[in-house]
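Input: a single structure, listed below in structure tokens.
What you see is a predicted model, and the numbers here were worked out from it, not measured in a lab. Proteins come first, then strands; the chains are lettered A, B, ... in the order of their sequence lines, and each starts at number 1.
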Amino acid sequence: MATGYALLCLSLVAVMNPYSAGIQAGTSISDAHADEAIFTYVRTVGLVFLGDATPAQFCASLLAHSNSTIILGGQIDGVDCAKVPATYEGSASVTVSLSTRQDTIQAWDEEQ
Amino acid sequence: MGRRAVAATLASVVIFTMMLVTNAAVYSSENGYLASVRLSSVQVGEVTYASLLEGSAAYNSLAQTQSFLQSTPMDCSSLQPYLDSISGTASRAGTEESISFSSMSSWDYASAGSSLPGTVLLPSQLDGYSSGELNVQVSTVVAESYLGGLPSYSVRNAQVVHLGVQPEAVAAGCLSALSDLRSVLSATVSCNSSALAELVSLARVRYPLLSTYDAGASGSLSDGRCTVDYWVRTSLAETGVSGAFEWTVFDDGSLSTVVPPAPIPSST
């Protein structure tokens, strides 16, 4: 009976794993970092640039504003310049609608 | 032996129960932390995405205004009705990263000085109120919710942005050019088209402002009076929110003048 009770307790501990919640919280924080990186990028380059840029200019801008922790990518006018890193903690994606076109900006918070 | 077995059983029960209770406490704490982190990040996401929607509404209002200027020449003598016709509405709805949103915006010409803020997403050449330029007031209502429920966020925002176009100055220049042309044409002694064309050319040489306009005149003679219809028109190179564009302004007028009778050739 004691063995059965011990096995029950161990099973409950395995199910109620606080470690997974901690990992999910870390991912949520990284998602928020990626989100903030996108809005920082939009504030930096401005909507006029996003409305006028050619796909080449847009992709070059995303690359220029990426760094060792945040990778930026996106799609514009059917051109995809998203380079998803092999591993990352969190990600975000925002679509900006300007006049007749939509720019999608993505960000990945790379794994530390 | 029996007592030892019971004691061992009780000890293991207590130990495992303590372990389970401790784990449950940590689990609950971590889940509470996770819920707080998710709530906080969703709330921040809603606020920042709303600001992006407001900025997009301001951008689109300027783009629509630019499109109106490109497609609709301005009659310089009807400036206010022209400016009052600059207005529009737009709405959007969708889902972005599990945030359901709806955005409704309206804009119109802002005639008076305004202390309303602009948007940080547009450059200073377009942001905020600029005296003498074409100012547009944009009102935006944004409503968001996470997965259709909580947290939700709604905001009503009013902002002013502008195009680097000076309608009042342009209209004043246009009216001045028309006045210059009239002053020359009013002295016409002939109602025929070539004479009037010469006077138009003379006026464009005499008045530098008029020289920047296309101009023309035509006459019709009736009961000894010549009715001269004249016009000026120009296309201005402007810079808008989406690149350069041309804005056409024009005006016209009419005058009536007595034309001296043609001299009777003398006979010898």
Side-chain angles (χ1 to χ4, degrees), chain A residues 1-40 42-53 90-107, chain B residues 5 8-13 15-42 44-45 48-49 51-53 55-56 58-60 62-64 66-67 90 92 94 96-97 103 119-123 125-127 240-243:
Chain A
M1 186 171 119
T3 304
Y5 182 72
L7 287 173
L8 174 64
C9 289
L10 289 172
S11 300
L12 288 173
V13 167
V15 168
M16 297 192 299
N17 184 1
Y19 183 63
S20 65
I23 291 178
Q24 290 176 59
T27 301
S28 288
I29 292 172
S30 293
D31 288 344
H33 287 164
D35 219 22
E36 177 61 28
I38 290 177
F39 288 111
T40 299
V42 173
R43 279 194 295 268
T44 301
V45 301
L47 293 179
V48 173
F49 173 79
L50 292 177
D52 282 352
S91 65
S93 175
V94 170
T95 299
V96 181
S97 295
L98 299 172
S99 293
T100 57
R101 89 180 203 184
Q102 292 188 328
D103 300 350
T104 297
I105 304 162
Q106 298 164 297
Chain B
T9 301
L10 285 173
S12 64
V13 166
I15 290 169
F16 278 101
T17 302
M18 292 292 294
M19 183 178 71
L20 185 61
V21 168
T22 304
N23 183 77
V26 173
Y27 178 78
S28 176
S29 169
E30 287 291 298
N31 274 282
Y33 173 64
L34 173 61
S36 297
V37 165
R38 282 183 171 162
L39 177 65
S40 173
S41 59
V42 168
V44 170
T48 48
Y49 192 64
S51 69
L52 182 56
L53 290 172
S56 301
Y59 176 97
N60 290 326
L62 288 180
Q64 293 286 331
Q66 177 178 333
S67 179
R92 280 191 60 215
E96 196 70 41
E97 299 237 295
S103 167
T119 170
V120 297
L121 301 181
L122 290 176
Q125 302 95 302
L126 303 171
D127 182 37
V241 66
S242 53

Seminar exercise, completed: To the nearest 0.5 Å, atom CG of Leu34(B) lies from atom CD1 of Ile23(A) at 11.5 Å
For this session: Looking only at non-hydrogen atoms, find the nearest pair between Thr119(B) and Ala58(B) and report the distance.
Result: CG2-CB, 4.0 Å
For this session: Please determine, among Ser93(A), Gly22(A), Ala25(A), the option with the most heavy-atom pairs under 4.5 Å with chain B.
Result: Ser93(A)
Problem set entry | Which atoms of Ala35(B) approach chain A - backbone, side chain, both or neither, heavy atom under 4.5 Å | neither
Exercise. Between the side chains of Gln24(A) and Ser28(A), is a donor N or O closer than 3.5 angstrom to an acceptor N or O?
Worked result: no
Exercise. From Leu122(B) CG over to Phe49(A) CZ, what is the distance, rounded to the nearest 0.5 angstrom?
Worked result: 15.0 Å
For this session: Just give me the residue among Thr44(A), Asp35(A), Val42(A), Val94(A) that pairs up with chain B most often, heavy atom to heavy atom, under 4.5 Å.
Result: Val94(A)
Problem set entry | Heavy-atom pair count under 4.5 Å with chain A, highest-scoring of Ser41(B), Ala63(B), Ser242(B), Ser12(B) | Ser242(B)
Exercise. Is there a donor-acceptor pair closer than 3.5 Å between any side-chain N or O of Ser40(B) and the backbone N or O of Ser36(B)?
Worked result: no
For this session: Below 4.5 Å from any heavy atom of chain B, which atoms of Val96(A) appear? Answer side chain, backbone, both or neither.
Result: side chain
Exercise. Highest number of heavy-atom pairs under 4.5 Å with chain A: which of Thr9(B), Leu126(B), Leu20(B)?
Worked result: Leu20(B)
Exercise. So what's closer than 4.5 Å to chain A heavy atoms on Leu53(B): side chain, backbone, both or neither?
Worked result: neither
Exercise. Relative to chain A, which segment of Thr17(B) carries a heavy atom at a distance below 4.5 Å: side chain, backbone, both, or neither?
Worked result: both
For this session: Can you see which heavy atom on Phe16(B) is nearest to which on Tyr5(A), and at what distance?
Result: CB-CE2, 4.1 Å
Problem set entry | Residue selection (most heavy-atom pairs with chain B, distance under 4.5 Å) from Ile29(A), Thr3(A), Thr27(A) | Ile29(A)
Problem set entry | Contact leader toward chain A among Ile15(B), Val13(B), Leu10(B), where contacts are heavy-atom pairs under 4.5 Å | Val13(B)
Problem set entry | Atom group of Asn17(A) that falls short of 4.5 Å from chain B, counting heavy atoms | backbone
Exercise. Does a donor on one side chain sit under 3.5 Å from an acceptor on the other, for Gln102(A) and Thr95(A)?
Worked result: no
Exercise. Is a side-chain donor or acceptor of Asn31(B) paired with a backbone partner of Tyr27(B) at a separation under 3.5 angstrom?
Worked result: yes
